[in-house]
Visitor: 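Quick one: the structure is below, questions incoming.
Both counts, for ligands and for their atoms, begin at 1 and track the order of listing.
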Amino acid sequence: MTLTSKLPQVGTTIFTQMSSLAAQYEAINLSQGFPDFSADHALLERASHAILHGNNQYAPMIGLPILREAIQNLIARYYGRQVDVEKEITVTSGASEAIFDGITALVRPDDEVILFDPAYDLYEPAVMLAGGVCKRVVLTAPDFRPDWSQFAALVTNKTRLVLINTPHNPTGTCWQTEDLEQLWQVIKDKNINVLSDEVYEFIHYQTQSVSVHRHDQLAQRSMVVSSFGKSFHLTGWKVGYVVAPEIITRELRKLHQYITFSTATPFQQAIGEHLLDTPRASGELSPFYQNKRDILRSALAASRFQLLPCQGTYFQLLDYSEISDLDDVAFCHYLVKEIGVAAIPISVFYQNPPVEQRLIRLCFAKDETTLLAAAQKLAQL
Ligand code: PMP
Ligand code: GLN
């Protein structure tokens, strides 16, 4: 049998690779982004109650009403934006599915999609499967700010979609309000849509998060994607959502209804009830993670790693150029095998990684003991 791959250049994701190596070498796993502590017990109880009391059949295709109502409230409270619960909110199986639906619904063969490197790994394969072509704005250390003139120069009459991500994985950078305005100024007179990946929307260490939800005009062109995996420490539940104007939502639901049809009912029920009963200030998540970030940063402060700024997400970038000349993939293999800590190399998120860059990413969504144990090992270097 011959099988011609549709994605010949795609291998196994770096997250799977590094987590497997961490298990194999019994290393502390600060690579793949997931918490090593439990979610709120009350929320877990609700899921178990939902399973035991019959919420086990297909949910409505667009999401359980209770969860969509909770999402509507969350967006109104946090951003002051009113969105239509029937026509603009779709619950998906993680943000991953929402991103895939959105790209597949909008991108046609030969359309151009602009993204910002380093870019989260699922964007490009989704664009390629749709027949689209990725164009890249390169973000450079240490601040990884977008250069808007470089962006404007990439826009052509084939540009269909722009993929943005703030707070940004893997760099931990947050965009400023002016960035959204600059983006808007370039695309406003063109038939270009935006997919804004805001899965870390509640994890930011500056006074106000920047979201497309707060930019009225941009919001009318955009799909805004989020994930309860990040907001409730439940990455394995894979409950995400996408908010988009009706005209876009109609199209992306055509994908959603055939890719998954609907998302796990008991988890939707549990999160919906929990959000409505305990409308926690979503702002609680930032101080919680800021504390973890600071524990890791202080524990590494005297080491030979240079700590880059971290304004959001639960990822910290480290520059190891004083320690080693290895490239970042080789350095991460060395760390996991010899030092006992698994990390993520940054070069894999670029089409053309900056040659001199020596950066790795650590996930600090971990208990204090895990962070301190990892830092102690890294500080020996
Ligand atoms: N986008 C970014 C930037 C992410 O970091 C992640 C996940 N970790 C996702 C999307 C996917 O989220 P989910 O697990 O809800 O599919
Ligand atoms: N988003 C997670 C990270 O950045 C990984 C999710 C996955 O393994 N696909 O680490």
Visitor: Side chain, backbone, both or neither: which part of Asn169 has a heavy atom under 4.0 Å from ligand 2?
Guide: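 Looking at Asn169 and ligand 2, just side chain atoms fall under 4.0 Å.
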Visitor: In terms of hydrophobic clusters joined by side-chain contacts under 4.5 Å, are Phe364 and Val341 together?
Guide: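 Linked, Phe364 and Val341 end up in one cluster.
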Visitor: Between ligand 2 and Ser31, is the shortest N or O to N or O distance under 3.5 Å?
Guide: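 No, Ser31 has no N/O under 3.5 Å of an N/O on ligand 2.
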Visitor: Within ligand 1, which atoms have a heavy atom of Lys238 less than 4.0 Å away?
Guide: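 Result: 13 (P), 14 (O), 16 (O).
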Visitor: Ring of Phe331, cation from Arg358 - is the NZ or CZ under 6.0 Å from the centre and inside 45° of the axis?
Guide: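 No, Arg358 does not lie over the aromatic ring of Phe331.
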Visitor: State the atoms of ligand 1, each with its element, that fall below the 4.0 Å cut-off from a heavy-atom position in Ser227.
Guide: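 Checking each atom against Ser227, I get 13 (P), 15 (O).
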Visitor: Do Val155 and Val186 come close enough that some side-chain heavy atom pair is under 4.5 Å?
Guide: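 They are in side-chain contact.
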Visitor: Tell me whether the NZ or CZ atom of Lys366 lies within the 45° cone about the ring axis of Phe34 and under 6.0 Å from its centre.
Guide: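 Output yes; distance and angle both within limits.
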Visitor: Can a non-hydrogen atom of Tyr200 be found less than 4.0 Å from any atom of ligand 1?
Guide: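 Checking ligand 1 against Tyr200, which is what was asked, there is a heavy-atom contact under 4.0 Å.
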Visitor: For Phe34, is the nearest heavy atom under 4.0 Å from an atom of ligand 2?
Guide: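 Phe34: no contact with ligand 2 (<4.0 Å).
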Visitor: For atom 9 (N) of ligand 2, find the nearest protein heavy atom and state the residue, atom name and distance (0.1 Å precision).
Guide: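 Protein heavy atom at minimum distance: Tyr120 OH, 3.7 Å.
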Visitor: Is the closest heavy atom of Thr13 to ligand 2 under 4.0 Å?
Guide: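 Thr13 does not count as a contact of ligand 2 under the 4.0 Å cut-off.
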Visitor: Among Tyr314, Phe228, Phe37, find the one that has a ring pair (Phe, Tyr, Trp, His ring centres under 6.0 Å) with His233.
Guide: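 With His233 as partner, ring pair (Phe, Tyr, Trp, His ring centres under 6.0 Å) holds for just one option, Phe37.
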Visitor: Of all the heavy-atom pairs spanning His204 and Cys174, show the shortest one and how long it is.
Guide: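 The answer is CB-SG, 4.1 Å.
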Visitor: What residue and heavy atom of the protein are closest to atom 12 (O) of ligand 1, and at what distance?
Guide: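 So the nearest neighbour among protein heavy atoms is Ala95 CB, 3.5 Å.
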Visitor: Starting from atom 16 (O) of ligand 1, which protein heavy atom do you reach first, and at what distance in Å?
Guide: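 Here the closest protein heavy atom is Ser96 OG, 2.5 Å.
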Visitor: Within the structure, does Gly33 bring an N/O atom to less than 3.5 angstrom of an N/O atom in ligand 2?
Guide: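 Yes; the residue has a nitrogen or oxygen that sits under 3.5 Å from a nitrogen or oxygen of the ligand.
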Visitor: Does either side chain, that of Gln380 or that of Lys377, offer a donor lying less than 3.5 Å from an acceptor on the other one?
Guide: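 Short answer, no.
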Visitor: Would you tell me whether Asp143 and Thr173 have side-chain atoms, one donor and one acceptor, within less than 3.5 Å of each other?
Guide: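 The answer is no; no qualifying pair exists.
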Visitor: Select one of side chain, backbone, both or neither to describe which atoms of Arg361 lie under 4.0 Å from any atom of ligand 2, heavy atoms only.
Guide: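 Contact part for Arg361 vs ligand 2: side chain (C-beta onward).
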Visitor: Evaluate the ring planes of Tyr79 and Phe202, with Trp represented by its six-membered ring, and classify them as parallel (under 30°), tilted (30 to 60°) or perpendicular (over 60°).
Guide: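 Ring orientation of Tyr79 relative to Phe202: parallel.
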Visitor: Can you tell me the protein heavy atom closest to atom 7 (C) of ligand 1 and the distance?
Guide: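 Closest protein heavy atom to atom 7 (C) of ligand 1: Lys230 NZ, 2.7 Å.
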Visitor: Tell me which part of Glu97 gets within contact of ligand 1: side chain, backbone, both or neither, using heavy atoms under 4.0 Å.
Guide: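 It is neither part, as no heavy atom is under 4.0 Å.
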Visitor: Near Gly94, which atoms of ligand 1 are under 4.0 Å from a heavy atom of that residue?
Guide: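 Listed by number with element, the hits are 15 (O), 16 (O).
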Visitor: May I ask you to check if Lys292 and Phe288 form a cation-pi contact, with NZ or CZ under 6.0 angstrom from the six-membered ring centre and within 45° of the axis?
Guide: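 Satisfied, under 6.0 Å and within 45°.
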Visitor: Provide, to 0.1 Å, the distance between atom 2 (C) of ligand 1 and the closest protein heavy atom, together with that atom's residue and name.
Guide: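 Heavy-atom neighbour on the protein nearest atom 2 (C) of ligand 1: Asp197 OD2, 3.3 Å.
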Visitor: For atom 8 (O) of ligand 2, what's the nearest protein heavy atom and its distance?
Guide: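 For this ligand atom, the closest protein heavy atom is Gln32 NE2, 2.7 Å.
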Visitor: Where do Phe232 and Ala39 come nearest, in terms of heavy atoms and distance?
Guide: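 What the structure gives for the nearest pair is O-CB, 3.3 Å.
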